Amino acid sequence: MPLIETKDLWKTYTMGSEQVHALSGVTITIEKGEYVAIMGPSGSGKSTLMNLIGCLDTPTQGEYYLNGKQVSTMNDDELAGIRNREIGFVFQTFNLLPRASALHNVELPLIYNGSASADRAAQAESALTKVELADRMHHKPTELSGGQRQRVAIARALVNNPSLLLADEPTGNLDSKTSIEIMKLIDDLHKQGNTIIIVTHERDIATRAHRVLSILDGQIASDELTPENRRTVG
Amino acid sequence: MIAPILLKIAVEALWANRLRSGLTLLGVIIGVTSVMTIISALEGMMGAIEEDLAVLGPTTFIVTKAGGVITSHEQWMEMMKRKPIDQKSVDLVSEGCELCERTCARVGGSARLKRGNNTMRRVFIGGSTFSLVDIVDMEVAQGRFHSYEDDLYRRRVIFIGDLVREELFGDADPIGKTLRLDGTKYTVCGVAKKRGTMFGESQDDFAFIPYGTHIKQFGAPGRRGIQMMIKAVSLERLEDAMDEVRMILRAQRHVPYDKPDDFTMLTADNILEALNSLTRIFRMGLIGISSISLVVGGIVVMNIMMVSVTERTREIGIRKAIGARQQHIMLQFLFEALVTTLFGGLIGIVLGYFIAEALVGMLDMQISPSTFAMVAGLSISTGIGIIFGLYPAMKAARLDPIKALSYE
Ligand SMILES: Nc1ncnc2c1ncn2[C@@H]1O[C@H](COP(=O)(O)OP(=O)(O)OP(=O)(O)O)[C@@H](O)[C@H]1O
Ligand SMILES: [Mg+2]
């Protein structure tokens, strides 16, 4: 059973009398343990697809199975449960609570799944340790660098041990040196067995993945393994 | 349990926005304080009246031509047409009522008192038989009340209230001294113990002269008639004594058996009941008016909550993105509203109590903390929190995560 299976996904926005098809019939399958990069020009529908995969949004049409469960028909609260348990989302703009400490930000998903207070703190600390930020856990986002903020966001995405880690241009707001650090971290997470999907504009980031999906005008234009992997496979 | 941690998050958010939370609090405090002031002051005033009625004593009742709770114009007209209670009625009751320990006739009006250059106008002058002092709780501070003989011989003796003593005699001993009542010379036989003020009015500007003397000077009681004050032999026999008096008066006044009494009998309890129903109407009116300030407070809460929800759209988006359900977001914001209104409510209750105490104090009365007021205050503020916090909280809970996250 694949981890992700979409069948003819459509997302259509109605702007006045005009209809904008952000996605026009996307059918993909992603297995557990894969490391997938999504590329494509601006406005091609990458974020839209990520939001659907991440259960932040629902398709206008089509089916989406996550771990064999049909999620395209779930209601708001059921989707919240899926987001909480199955998915870790990393955003380009970090999306941390500005007034809360790093530790509290990482704890947040655990609050909503009802974990006990002591477990929460311990799990959040170990997640922060994984991203090498244990010494900054009482700092607020404003007291951290961009790279450190993104590490906090990654720790938050990992804290619930999700089946899937989604990152929509995670290095988009970072300089190249910090980007490399964050990508190393993501590579490591993949080596530890996490399934990862990453949206990026940069080819050298995409080649770190094992499979690249190209999107054009809301449709999958190509779906291929990176050269390195072709070699390992072949 | 997620609720306690959501409560903690709510309190932290309130604390982080101290100024705004303070303003909301102010709106709630003003509303609750005004309602609490009114409830506490009314409770206090009722308490004072109850205490005052206690002088009548539980075994005493009053018989008059008209009185009690008058609820319609027709009733009022009917009462005005009634025959007055006359001397004959008093005599029949004093002689015929077995269960009446004492019966006293009382008439009254206002007149001018004068001594030397000191004059008091419009003083209540009561005419009563000597037993009044035993029936009502009127304590003698100096001298004595009038006696059976004073009444019998229609002597010109006068028993004065403390304010009359102070105004006419100052520090001098008034006993045996004379004063003029509408020009007629009277000798002071006694002074009543000071009763103080009620509703800002002195309770000591009165004087009593013997019943017969009153009739001699002011004439027969006329259409207003005599008021009878009757003390029953015991509390258990009060109802029976009243029935006995009722039979005597109905016979004297030829009331057909199928018609209601054409006179009124009142006990302290009846009077209290009448007062209660009056203040109930009064209370409803005042609470209605001050509820407007509560609604204003509620609108302040709602308004500021709406601003807060809009301003924190991104925060809500983040929370929903990582798995907060609608109920979690809703509870968080509802807690913010509830904590504010409950805290404001508590402050309002305390403030309201002190303001009521100061107000009622100006009328020379005292109030004590009322459980009713506290329960009312707390439920009102909880109610405001829920009613006015619910809509903004629901709005927050239903935000679409994608839209909320991209909100600038
Ligand atoms: N809420 C919306 N209402 C209307 N149109 C939208 C909405 N969200 C996205 N779109 C449209 O859908 C298309 C795909 O948008 P999307 O954000 O997925 O692009 P993207 O590939 O992520 O681009 P970028 O690389 O710039 O992030 C765009 O044409 C965009 O204008
Ligand atoms: Mg995008």
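The shown structure was predicted, so the numbers you read here are calculated from the model rather than taken from an experiment. Lettering follows sequence order; numbering is per chain, from 1.
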Let me see the donor-acceptor pairs closer than 3.5 Å between chain A and chain B, or none if nothing turns up.
from   : atom 1 : to     : atom 2 : distance (Å)
A/D76  : OD2    : B/K320 : NZ     : 3.0
A/D76  : OD2    : B/Q326 : NE2    : 2.7
A/D77  : OD1    : B/Q326 : N      : 2.9
A/R83  : NE     : B/K320 : O      : 2.9
A/R83  : NH2    : B/K320 : O      : 3.0
A/N84  : ND2    : B/I322 : O      : 2.9
A/N95  : OD1    : B/R314 : NH2    : 2.5
A/Y112 : OH     : B/R319 : NH1    : 2.9

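Looking at A/L96, only its backbone comes within 4.5 Å of chain B, counting heavy atoms on both sides.
Smallest separation of non-hydrogen atoms from A/A80 and B/A324: CB-O, 3.6 Å.
Every residue two or more places apart in sequence or in another chain that forms a side-chain contact (heavy atoms from CB on, under 4.5 Å) with B/I380 is listed here: B/V35, B/L294, B/I384.
Of the listed residues B/I5, B/L405, B/I322, the one with more heavy-atom pairs under 4.5 angstrom with chain A than any other is B/I322.
By the 6.0 Å contact criterion, CD on A/Q19 is enclosed, its count of non-hydrogen atoms from other residues, nucleotides or ligands being greater than 12. In this structure, B/F343 places its CZ atom where only 12 or fewer heavy-atom neighbours from other residues, nucleotides or ligands lie under 6.0 Å away.
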